[in-house]
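What follows is a short report on a single structure.
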There are 2 protein chains.
Amino acid sequence: MAFLRIGEVAKRFEVKADTLRFYEKNGLVKASARSESGYRLYNDADLSRLSFILRAKAVGFSLTEIQELLSIELDKANWACADVKGMVDNKLVEIEAKLAELNRFRQSLQSLSRACCGGPDSAEHCSILEALESQHVVS
Amino acid sequence: MAFLRIGEVAKRFEVKADTLRFYEKNGLVKASARSESGYRLYNDADLSRLSFILRAKAVGFSLTEIQELLSIELDKANWACADVKGMVDNKLVEIEAKLAELNRFRQSLQSLSRACCGGPDSAEHCSILEALESQHVVS
DNA sequence: ATAAACCTTGGAGTTAAATCCAAGGTCAAG
DNA sequence: CTTGACCTTGGATTTAACTCCAAGGTTTAT
């Protein structure tokens, strides 16, 4: 169980040290120890918590939502399984929706990419909007 | 080709009229006509453009990125097919990555949901972090 | 013909999520 | 024993993306 200081952690996860302090201030990750001189020391558990946060952020969750998910972790004993399951299942629904939209978007861009000759000709006929309109679903 | 005023558009797309004016100010969608008295009038093309913007936003693109994609549309004649294809293919790579991450996240939450009894018992053993750790990929 | 519900503009305010700054303490290397 | 790279805190600033406000013009329903 090696301890890392904030700069090292920042480098590994490609975030600013300031961001880590910001996360700590907002109750997202807290270095579980301090050196004699007050330096933050992160252990493996801290790092997986951070990893979770960054991954959740990458898929579009806000810090508030992430905190909510992590709060389950904080005092598991005071949550009923049903609560946890409900919460997680809600997030799953959101994720499914995002996944569907993302797939749709990908399809559109793929069909555009295929339609586009890719050569030096004018892109007169490469229309993103046209490509997307084929999948259009507005009232 | 019916024209809609800003309030109607706002209602249909579930955004604020202010947001539409904001998008116009930032070069994202502009009502293609105005009434005698100066009211914005949106036509179908405007609406599909707006639809594109909102969908792109929903899958996590910033307004700047969206503007970039739409700028292709603006003066297609001055772009080579290769430029467009390159740009679109870049976005596709980003989308694939996001999709992969989202899938990974979903898997984790699913396995957590399955592991969680869902009953009234204490959630002592429902660990989001544990669930995610099984898929952990940090240096 | 007037109230209620729209719309206009310019500009100010808000929120989330950082990011930066200043003033100072710590630590390893030469 | 000092130089340079770290770290600390509190607080200010920035950026994106809205969101609101004030003062006033327009439309529509009664």
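All of these numbers come straight from a predicted model, not from anything done at the bench. Note on naming: letters A, B, ... go to the chains in the order of the sequence lines (proteins, then strands), and numbering restarts at 1 for each one.
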Check your understanding: Are any non-hydrogen side-chain atoms of A:F52 and A:V29 less than 4.5 angstrom apart?
Key -> no
Study note, to complete from the structure: First and last nt of DNA chain C near chain B, cut-off under 4.0 Å to heavy atoms, 5' to 3', are C:dC6 to C:dT9
Give me the distances for all protein-to-nucleotides 26-30 of chain D N/O pairs that come in under 3.5 Å?
{"from": "D:dT26", "atom 1": "O4'", "to": "B:Y39", "atom 2": "OH", "distance (Å)": "3.1"}
{"from": "D:dT26", "atom 1": "O3'", "to": "B:S37", "atom 2": "OG", "distance (Å)": "3.4"}
{"from": "D:dT27", "atom 1": "OP1", "to": "B:S37", "atom 2": "OG", "distance (Å)": "2.8"}

Review point. Residues from residues 56-66 of chain A sitting under 4.0 Å of DNA chain C, heavy atoms only?
Key: A:K57, A:S62, A:L63
Review point. Any side-chain heavy atom of A:S32 within less than 4.5 Å of one from A:Y42?
Key: no
Revision key, fill the gap. With five pairs defining each end axis, the helix from C:dA1-D:dT30 to C:dG30-D:dC1 comes out bent, to 10°, by 10°
Practice item. Using a strict cut-off of less than 4.0 Å between a Lys/Arg side-chain nitrogen and an Asp/Glu carboxylate oxygen, indicate whether A:E24 and A:R49 qualify as a salt bridge. Key: no
Review point. A:F22 ring centre to A:K16 NZ or CZ under 6.0 Å, with the angle to the axis within 45°?
Key: no
Review point. Counting only N and O atoms by type, is there a donor-acceptor contact under 3.5 Å from the side chain of A:D46 to the main-chain atoms of A:N43?
Key: yes
Study note, to complete from the structure: Residue pair B:G7/B:K25 against DNA chain C: nearer the 5' end by closest nucleotide is B:G7
Check your understanding: Can you check whether A:I6 reaches A:Y39 side chain to side chain, under 4.5 Å on heavy atoms?
Key -> no
Check your understanding: Can you tell if the side chain of B:S35 reaches within under 4.5 Å of the side chain of B:R5, non-hydrogen atoms only?
Key -> no
Practice item. Report yes if some heavy atom in the side chain of B:E65 is under 4.5 Å from a heavy atom in the side chain of B:E94; otherwise report no. Key: yes
Review point. Taking C-beta and beyond as the side chain, do B:K98 and A:V59 meet within less than 4.5 Å on heavy atoms?
Key: no
Review point. Who are the ring-ring contact (aromatic ring centres under 6.0 Å, His included) partners of B:Y23, not counting sequence neighbours?
Key: none
Review point. Are side-chain heavy atoms of B:L54 and B:K57 found at a separation under 4.5 Å?
Key: yes
Exercise for review: Scan residues 16-23 of chain A against DNA chain C and write down, sorted by residue number, each residue with any heavy atom closer than 4.0 Å; if none is found, say none.
Suggested key: A:K16, A:D18, A:T19, A:F22, A:Y23
